[in-house]
Amino acid sequence: MSQQNICIMISIIAYLLVVLGIGVWFSRRNKTADDFYLGGRKLGPFVTAMSAEASDMSSYLLMGVPGLAFLTGLADASWTAIGLIIGTYLNWLIVAKKLRRYSSKIGATTLPAFFSERFKDKSRILSIIAAIVIIIFFVPYTASGFAACGKLFNSLFGVDYMVAMLICAFVIILYTMLGGFLAASTSDFLQSIVMTIALVIVLVYGVVNAGGIGAVVENAKALPGYLSLSNIYVPETGGSEVYGAFRACSMLAWGLGYFGMPHILLRFMAIEDAKKLKLSRRVASLWCLISLGIAVFIGIVGMGLVKNSVMAAPEDSERILIEISKLLSQHGVFAAIVAGVILAGILAATMSTADSQLLAASSSVSQNIVKEKLFPKMTEETTMIIARFTLVAIAVVAVFLARDPNSSVFGIVSFAWAGFGAAFGPVMLAALFWKRTTKAGALAGMIAGGAMVFIWKYGIATLGGVLAIYELLPAFITGLIAIIVVSLLTKAPEKEITDTFDAVTAMKD
């Protein structure tokens, strides 16, 4: 192994040891299932903000977004980023505080439990359906994270893909199983810092070696539609095509996904004081704006490096940041260590999402199916054992699904994002802001929104034309319509439900 690879390996191993240490440290603080899955609602504002954004910005921030910008220019990546920035801000602004108050008022510690308790669903059907939706979309989502880790080590060190993927999966499983929500949230906070450092270093190094910002812009201008928001560069033909308003709106719809993301909504439920959510909102929104802006520009800078023959174009555009890091590592020991930090950032982006997904998926099975429906009288000790066993079992399934090294990170993430956004987003908004919402309406919206994601992507969108849009937009609208129609056609909620709604609405900080 070369000296530069040894230095990179040292940086990455050091990072993994720190993350494992966090898991061991917090393992002592998990006394109950509530501690394990929600940290006892003790998160501070900065950890809440940054862990939410780190768990949100998975490997698509450091691989998917730069890769998309590198391949086709500004349009696709920028409209997606704008949608995510707007969605982040609105989620923190209108959902966070009320969800924190409501979930605390009704004693809900998971998203499925929130839906059941909100509508006084004694049958727990809402909770079970929500748990099934989480499993359907989170297991392959987690698998894509494991796969990204395997790809990273395989491309850097020539380590067998399966071996690398299994080692990374083991580390993620171990610290999450030991430390639970607090370990995941604290490590996510650390990972957000590592991701930020990685983005800034790659941007500065890339711009300097591409000949400066002027040279980057001039190279990009030479490609038709590359720097336009109304046209898109087509690498297969070397030309461009119109990027219509309808297509732009469908990419902006990425922002709708935030209203239904279990691993992000759990952070809102876990903050120690609702009054501190304003600070969290500002920190999270600013970080989202800066990180996504840099990620898009890194893709453009990467094209400048290729055009100036500083580096060869990667076979997979999602590896552009990895290739720039490898280029940096050739400038001596210190540069190689810095490159290792950057590559640890990619690992961090993947791990910060995978740990949160494992917790959300395992809580859905252990809490909302096993305990609530099958064995409601389980002791806290037994519940903790089941929680950890479930987490490992789900991770094993994800590892099995991740055995294919050719899966697309961005493709899997976008589909899972649409699934959660459409199945849970409309229900969450209705549950928090429309008193007339009924249990039947919530159930209809959850099923209709989730089903339409599959129907649109694998059916309607294949017809092409204006119908070939991101499935989240039509599925979200379908779910919202289903909630409204079914709620109005069914009996109004009981007084106990509406009284609780009014009590939460009247809460003041």
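Quick caveat: nothing in here was measured; it's all calculated off a predicted structure.
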TODO: Would you give the length of the straight line joining atom NZ of K439 to atom CZ of F119, rounded to the nearest 0.5 angstrom?
DONE: 10.5 Å

Open item on the list: Evaluate Y89 against I94 for side-chain contact (heavy atoms from CB on, under 4.5 Å), listing each step before the verdict.
Closed with: CA-CA 9 Å; Y89 181 77; I94 67 176; over 6 Å; no

Open item on the list: Nearest 0.5 Å, please: how far is OG1 in T88 from CG in L90?
Closed with: 9.0 Å

Open item on the list: Within the structure provided, determine whether W79 and I82 are in side-chain contact (heavy-atom separation under 4.5 Å).
Closed with: yes

Task: Full working for side-chain contact (heavy atoms from CB on, under 4.5 Å) between I201 and L328 - done: CA-CA 10 Å; I201 292 175; L328 170 62; 4.0 Å; yes

TODO: Taking the side chain as every heavy atom from C-beta outward, state whether N219 and M303 have any atom pair closer than 4.5 Å.
DONE: no

TODO: Measure the spacing between CZ of F115 and CZ of R124 and express it to the nearest 0.5 Å.
DONE: 13.0 Å

- [ ] Without swapping roles, check the side chain of W417 against the backbone of W254 for a donor-acceptor pair under 3.5 Å.
- [x] yes

TODO: Please confirm whether the backbone N or O of G87 pairs with a side-chain atom of N91, one donor and one acceptor, at under 3.5 Å?
DONE: no

Task: Any side-chain donor near an acceptor of the partner, W92 and S280, under 3.5 Å - done: no

TODO: State, to 0.1 Å, how close G299 and A69 come at their nearest heavy-atom pair, and which atoms those are.
DONE: CA-CB, 4.0 Å

Task: Side chain proximity check, V399 to M165, heavy atoms < 4.5 angstrom - done: yes

Open item on the list: I'd like to know if the side chain of Y243 pairs up with that of D76 as donor and acceptor (distance under 3.5 Å, no hydrogens or angles considered).
Closed with: yes

TODO: Kindly state whether the ring of Y258 and the ring of F268 have centres lying under 6.0 angstrom apart.
DONE: no

TODO: Take atom CD1 of I213 as the centre, draw a 6.0 Å sphere, and report whether it contains more than 12 heavy atoms from other residues, nucleotides or ligands.
DONE: no

- [ ] Please find out if less than 6.0 Å separates the ring center of Y102 from that of F114.
- [x] yes

Task: Point-to-point distance, once rounded to the nearest 0.5 Å, from CG of L305 to CZ of F70 - done: 9.0 Å

- [ ] Keeping the roles fixed (side chain from W456, backbone from P474), state whether a donor-acceptor pair exists under 3.5 Å.
- [x] no

TODO: State whether the side chain of N308 and the backbone N or O of A210 hold a donor-acceptor pair below 3.5 Å, judged by distance alone.
DONE: yes

Task: N/O donor-acceptor pair under 3.5 Å between S240 side chain and I232 backbone - done: no

Open item on the list: Can you see whether K98 engages T505 through a side-chain donor-acceptor pair at a distance of less than 3.5 angstrom?
Closed with: yes

Task: Aromatic ring pairing Y226/Y233, orientation class (parallel under 30°, perpendicular over 60°, tilted between) - done: perpendicular

Task: Flag, side chain of T462 to backbone of G459, donor-acceptor distance under 3.5 Å - done: yes

TODO: List in chain and number order the residues that pass ring-ring contact (aromatic ring centres under 6.0 Å, His included) with F433, two or more places apart in sequence or in another chain; answer none if no residue qualifies.
DONE: none

- [ ] Give a yes or no on whether the backbone of A75 and the side-chain of S78 come within a donor-acceptor separation of less than 3.5 Å.
- [x] no

Open item on the list: For the backbone of L93 and the side chain of R281, can you confirm whether one donor and one acceptor N or O come within less than 3.5 Å of each other?
Closed with: no

Task: Point-to-point distance, once rounded to the nearest 0.5 Å, from CG of L68 to CG of L74 - done: 10.5 Å

- [ ] Could you check if a side-chain atom of E241 sits within less than 4.5 angstrom of a side-chain atom of N231, using non-hydrogen atoms only?
- [x] no

- [ ] Return yes if some donor-acceptor pair links the side-chain N/O of T437 with the main-chain N/O of A430 below 3.5 Å, else return no.
- [x] yes

TODO: Please check if the distance between the ring centroids of F415 and Y458 is under 6.0 Å.
DONE: yes

Task: Polar side-chain atom of S116 near backbone of S127 as donor-acceptor pair, under 3.5 Å - done: yes

TODO: Working to the nearest 0.5 Å, report the span between CG of L111 and CG of L265.
DONE: 5.5 Å

